[in-house]
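Please read the structure below before turning to the comments.
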Amino acid sequence: MNTNPKPLFAAIDQCMLADRHRLRMRLRRLKGKPLSMIAAEIEVSQQKRQQRQANLPIPTYPEELPVSERRAEILAAIQEHQVVIVAGETGSGKTTQLPKICLDAGRGVTGLIGHTQPRRIAARSVAARIASELQSELGHAVGYKVRFSDHTRPESYIKLMTDGILLAESQTDRFLNQYDTLIIDEAHERSLNIDFLLGYLHQLLPKRPDLKLIITSATIDTERFSQHFSNAPIITVSGRTFPVEMRYRPLQAEDDDDQDRDIQQAICDAVDELAREGQGDVLIFLPGEREIRETTETLRKHHPSHTEILPLYARLSASDQNKIFQSHKGRRIVLSTNVAETSLTVPGIRYVIDPGLVRLSRYSHRTKVQRLPIEKISQASANQRAGRCGRVGAGICIRLYSEDEFLARPEFTDPEIKRSNLASVILQMKSLQLGDIENFPFVEAPENRLVTDGYKLLEELGAVDARKQLTGSGRQLAKLPLDPRVARMVLAGKDENSLSEMLIIASALSVQEPRERPHDKQQKADEKHKAFVDDKSDFIAYINLWRIYHEQSKHLTNNKLRKWCRDNFISYMRMREWHDVHVQLKSVVRELGWTLNQQSVGFDALHRALLAGLLGNVANKNDKKEFTGARGIKLNIFPGSVLFKKAPKWIMAAELIETGRMYARTVAKIEPEWIETVAADLCKRSYFEPHWEKKPAAVMVYERLTLYGLLVNPRRKIHYGRINPVDARELFIRGALVEGEFNTRAGFFEHNRKMIADIEALEAKLRRRDVLVDDQVLFDFYDKRVPDDIFDGRRFEQWYKQTEQKQPKFLYLKKEDLMLHQAVAVTEVQFPNSLDIEGMTLKLDYHFEPSHAEDGVTLTVPLPALNLLRPQRFEWLVPGLLHEKICQLLKSLPKSIRRNFVPVPNFADACLEALAVTDSALLESLQKQLLRMTGVKITNMDWDLIS
DNA sequence: GAGCACTGC
């Protein structure tokens, strides 16, 4: 039995790259067991490789292409270096010839030659072109893979794909082992995908020393790519283009006498100037649809003759776009957005007019919202535009700005990674465990604040925690081929059992708007689109459109369905794209083990799930009918929305975008209460007016709830105990125990209440407030005894019951707990609770509250007894108060008399002792006694009884 | 009272 694995390890080195890792792992695990099974597999993989080597296509090269002349040089560079930069303009042939040169270099045998393009159309057409040059059927030696369709075979050598596909593959094949060579084409476009890929490859190359990487770019900024890949060699291939004459025609007049022109006028002048140059089509670059429309009208008035004027932009229907490929007589002027700069090549252009403007997407750090400002284009972009007229012959480019201005412009357009919210990139990196984005080897690192905002959005969606770590739901979001916000909706849809509806909406939000609204048929289109409208939600309109369309598709032929789409101003192509995304989402969701609801879901549940992804896009209408969104930004409902005319108080939007104004697009009515349930953790809460309430026997507080500064709930009463148990306990002790606002049968409560009442009664008799301890002492008494976690009636009763059994009366106050000093003077003799008069016992009440009607001592007399009483008796009050009264009387005497009775309290004491309560008047008894003691005679007139 | 262009697990 052969148990020596060594030769097999060596044999694995001759296997297909994609198999090696798996085979090595298995071989390692076998340790000492029979190796026959794995040996067979190794054999298969080796044979596959040998077969590929044997069948390797032998390329031929069209000699007229500039790249063909540099073949040997490029081939040598590929063999000597891991990374090669190939720079060349359009027409150099690099895109079609490089993969063939790679074949010649022996690449493509142990693994595929992967070749990326920024766009699906390009991936497909380049594949077709190379296949035909290798005289192989498309999908055999040369295949392509774009979203929704994979046309490659195991025996393919070259695989064209979008850069997004390669990036997506890295999620399941971390080492990209199916490739032995990668060509990243059009790297100068610097899309998010390309920048992410270049960073990814930077850290992959050391782990895959056998992998070759070729980066191709227009001849701009190639140094940057070279530096990023440790000074990789740059091979520059000339383009096969014709010279373009540059003419600068700024809007500002050169002479002071001349008037400045506006862009419309300048375009007309430029068209006239080019008309004098002779035959040839003109391409004019404009920032947007509106400008194209305006200029079309200006030019129609200006050139009424046989000039054909064609608009061109991405939103235009396919048939209108295709007009640029139809032959024509006379002069053609194409007015185009940036589609014609990179994505689409307009054939037969001899002249370009470039006003130098573009509408560019820029993420605003200030408002956290995507903007679409019109900006001046970069030099690179201007040159790219000029190049569009040098493809069929010498061209002329008229720039509607000066050369100085051109030179003053930035050299390159900011790459997308510096203009985007990075949530999606960060989420993918986290899920790939690529470490922190801050340390990721980007060609150009995005600004920190963009990274911060990316993390913030992910935190809002619950994809990362406060420590920026990926959460469980973050891992799930990363698996969905969707924008993170939309992915979050789908996840919530799973939880709310509304996945069926949610997948329709999520796929709709991922594709371009399928409803068409041609400028000349706006009303007709709106009329047709009314069939899909829901009066509370633009999201429901997508579901309605989806259902109606699929109902039609069931019984209509393809052609009839297309016609139905045309009649209803729906883009058939985009419906197909929507459908395809939906199919893909369904399959991803199935793999995740999620199930689609069979029963349709209600409005609320569906929109709560949508809200989970759109918390940052919530807005609230104020009294002036203006909307305020997160962080105080003012916004408007997009006029195309169903809610535009009658807007509800609260809305959420699928997207916020700032163009002319800040617009909320795809909008639905929401209830603010949903925010509380969906965003419980995200809402900021402040608390005010905590207070004890007798009836619920709890400390209550008002809560103020805001989300990103929006007032979701201004005043909601809730229990304070769970929010701040320490404060709540204090308020409980004060309110319930000290102040006694408490319904309880606990024994201590009545006892303590009575104890305090007794002392208060005592104070009333003494006419002073310094006997009963103050509330703070009472508080301290309870504070010492009540445990920390007792802050409401229910908890208190429970604890009291248990503790009372072990320590009876443990909460009973004693007299000494309550009295500041021993009020010895207070005896029953001094302050009797009743008076015996005329054989009756009459109740006495004491009250100490100056200026109150009942201040003093109150004798309660039954009405029939009233005329039996003699008023003189009451001048004597009660003994405890008589002393003070005598003092006051003595002090009221005129000074000449008063000085005989100093010190007054002593004389008062003496009088008190000598006098017995009689029915005679107090003043007369006093006068007699004082005369007896001092010989001073006082008359009734001497007393001042008023003050 | 109305938006540049692409792409994907």
Side-chain angles (χ1 to χ4, degrees), chain A residues 116-123 145-149 161-174 186 189-197 285-293 312-316 336-344 357-362 370-375 377 381 384 413 416 419-420 424-425 427-428 431-432 475-484 486-487 490 506-507 510-513 515 517 519 522 525-526 577 580-581 584-585 587-589 591-592 636-641 644-645 655-666:
Chain A
T116 70
Q117 289 292 319
R119 280 162 288 280
R120 286 187 220 164
I121 297 179
K145 182 178 171 187
V146 294
R147 196 178 195 181
F148 316 127
S149 56
M161 66 196 127
T162 53
D163 34 39
I165 289 279
L166 184 59
L167 207 49
E169 284 179 351
S170 70
Q171 296 267 356
T172 45
D173 179 11
R174 296 205 49 183
E186 314 282 359
E189 287 194 18
R190 302 292 306 277
S191 65
L192 268 183
N193 282 347
I194 286 170
D195 274 15
F196 193 1
L197 265 179
F285 286 98
L286 290 162
E289 223 178 298
R290 191 194 309 166
E291 292 81 1
I292 288 174
R293 212 161 38 239
L312 179 64
Y313 44 89
R315 257 175 59 89
L316 208 58
S336 176
T337 62
N338 243 17
V339 269
E341 191 183 303
T342 47
S343 308
L344 254 168
L357 298 173
V358 70
R359 211 182 258 280
L360 204 65
S361 156
R362 239 173 234 289
Q370 191 195 348
R371 300 178 58 227
L372 275 178
I374 293 176
E375 296 184 357
I377 59 171
S381 175
Q384 176 77 13
T413 311
E416 209 182 341
R419 297 186 276 118
S420 317
S424 176
V425 174
L427 184 63
Q428 286 180 66
S431 136
L432 281 167
R475 247 176 285 279
Q476 295 185 308
L477 296 190
K479 292 197 172 79
L480 296 165
L482 293 166
D483 171 86
V486 181
V490 172
S507 45
S510 305
V511 299
Q512 287 166 303
E513 172 61 57
R515 284 166 294 186
R517 200 164 176 269
H519 188 249
Q522 286 182 351
D526 290 349
E577 179 88 5
D580 289 344
V581 175
Q584 191 188 13
L585 286 182
S587 94
V588 174
V589 156
E591 274 167 40
L592 286 167
N636 310 276
I637 295 180
F638 192 73
S641 167
F644 177 68
K645 277 190 178 135
E655 57 175 358
L656 299 183
I657 183 158
E658 189 184 338
T659 52
R661 308 165 75 184
M662 183 77 80
Y663 284 111
R665 262 202 76 171
T666 312

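Residue contacts for A/Glu375: at a heavy-atom cut-off of 4.0 Å it reaches no nucleic acid atom on any strand shown. Here A/Glu169 lies out of heavy-atom contact (under 4.0 Å) with every strand. At a threshold of 4.0 angstrom between heavy atoms, the contacts of A/Ser361 include nucleobase atoms, whether or not backbone atoms are also involved. Looking at heavy-atom distances under 4.0 Å, A/Val339 makes contact with sugar-phosphate atoms alone, never a base. Note on A/Ile657: a base of the nucleic acid sits closer than 4.0 angstrom, heavy atoms only. Across all strands, A/Leu482 comes closer than 4.0 Å to base atoms (heavy-atom distances).
Comparing B/dG1, B/dC9, B/dC4 by their closest approach to the side chain of A/Tyr663 singles out B/dG1. Taking only side-chain atoms of A/Ala314, from C-beta outward, the nucleotide of B/dC9, B/dC6, B/dC4 with the closest atom is B/dC6. Distance from the side chain of A/Arg119 is smallest for B/dC6 among the nucleotides B/dC6, B/dG1, B/dA5. Listed candidates were B/dG8, B/dA5, B/dA2. Nearest to the side chain of A/Ile165 is B/dG8. Minimum atom distance to the side chain of A/Gln512 is reached by B/dC6, of the listed B/dG8, B/dA5, B/dC6. Of the candidate nucleotides B/dG8, B/dG1, B/dA2, B/dA2 has the atom lying nearest to any side-chain atom of A/Phe638. Closest approach to the A/Thr337 side chain among B/dG1, B/dC4, B/dG8 is made by B/dC4 (side chain taken as heavy atoms from C-beta onward).
Within the structure, every side-chain polar atom (N or O) of A/Ser343 is placed at least 4.0 Å from both OP1 and OP2 of B/dA5. Residue A/Thr659 has no polar side-chain atom (N or O) positioned under 4.0 Å from OP1 or OP2 of B/dA2. Distances shorter than 4.0 Å separate some side-chain N or O of A/Gln584 from OP1 or OP2 on B/dC9. Taking 4.0 angstrom as the limit, A/Arg120 places a side-chain polar atom (N or O) nearer than this to OP1 or OP2 of B/dG8.
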- Can A/Arg315 and A/Gln512 be said to form a side chain to side chain contact (heavy atoms under 4.5 Å, CB included), step by step? CA-CA 8 Å; A/Arg315 257 175 59 89; A/Gln512 287 166 303; 5.7 Å; no

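Residue A/Arg517 places a side-chain atom within donor-acceptor reach of the base of B/dA2, judged by atom type and a 3.5 Å distance cut-off alone. Applying the 3.5 Å distance criterion, the base of B/dC9 shares a donor-acceptor pair with the side chain of A/Gln428.
Here the P atom of nucleotide B/dG1 and the NE2 atom of A/His519 are 16 Å apart, to the nearest Å. As a whole-Å value, the separation of A/Gln117 CD from B/dC6 P is 15 Å. Going from atom CG of A/Leu167 over to atom P of B/dT7 covers 15 Å, rounded to whole Å. In this structure, A/Glu416 places its CD atom 12 Å from P of B/dT7, rounding to the nearest Å. Whole-Å rounding puts the A/Glu655 CD to B/dC4 C1' distance at 13 Å. Atom CG of A/Leu316 is separated from atom P of B/dA5 by 10 Å (rounded to the nearest Å). As rounded to whole Å, 10 Å separates atom C1' of B/dC4 from atom CD of A/Glu341. Rounded to whole Å, atom P of B/dC9 lies 10 Å from atom CD of A/Gln171.
The minimum heavy-atom distance between A/Leu480 and A/Ala487, with the atom names listed, is CD1-O, 3.7 Å.
Formation of a donor-acceptor pair under 3.5 Å by the A/Ser510 side chain with backbone atoms of A/Ala506 is found in this model. The backbone N or O of A/Asp526 sits nowhere less than 3.5 Å from a side-chain atom of A/Arg517 that would complete a donor-acceptor pair.
For the pair A/Leu480 and A/Glu291, both in contact range of DNA chain B, the more 5′-proximal nearest nucleotide belongs to A/Glu291.
The local environment of CD1 in A/Ile121 is sparse, with at most 12 non-hydrogen atoms from other residues, nucleotides or ligands closer than 6.0 Å.
Judged by distance alone, the side chains of A/Ser361 and A/Gln370 do bring a donor and an acceptor atom under 3.5 Å apart.
We find that A/Glu375 and A/Arg362 are joined by a salt bridge, their nearest charged nitrogen and carboxylate oxygen being less than 4.0 Å apart.
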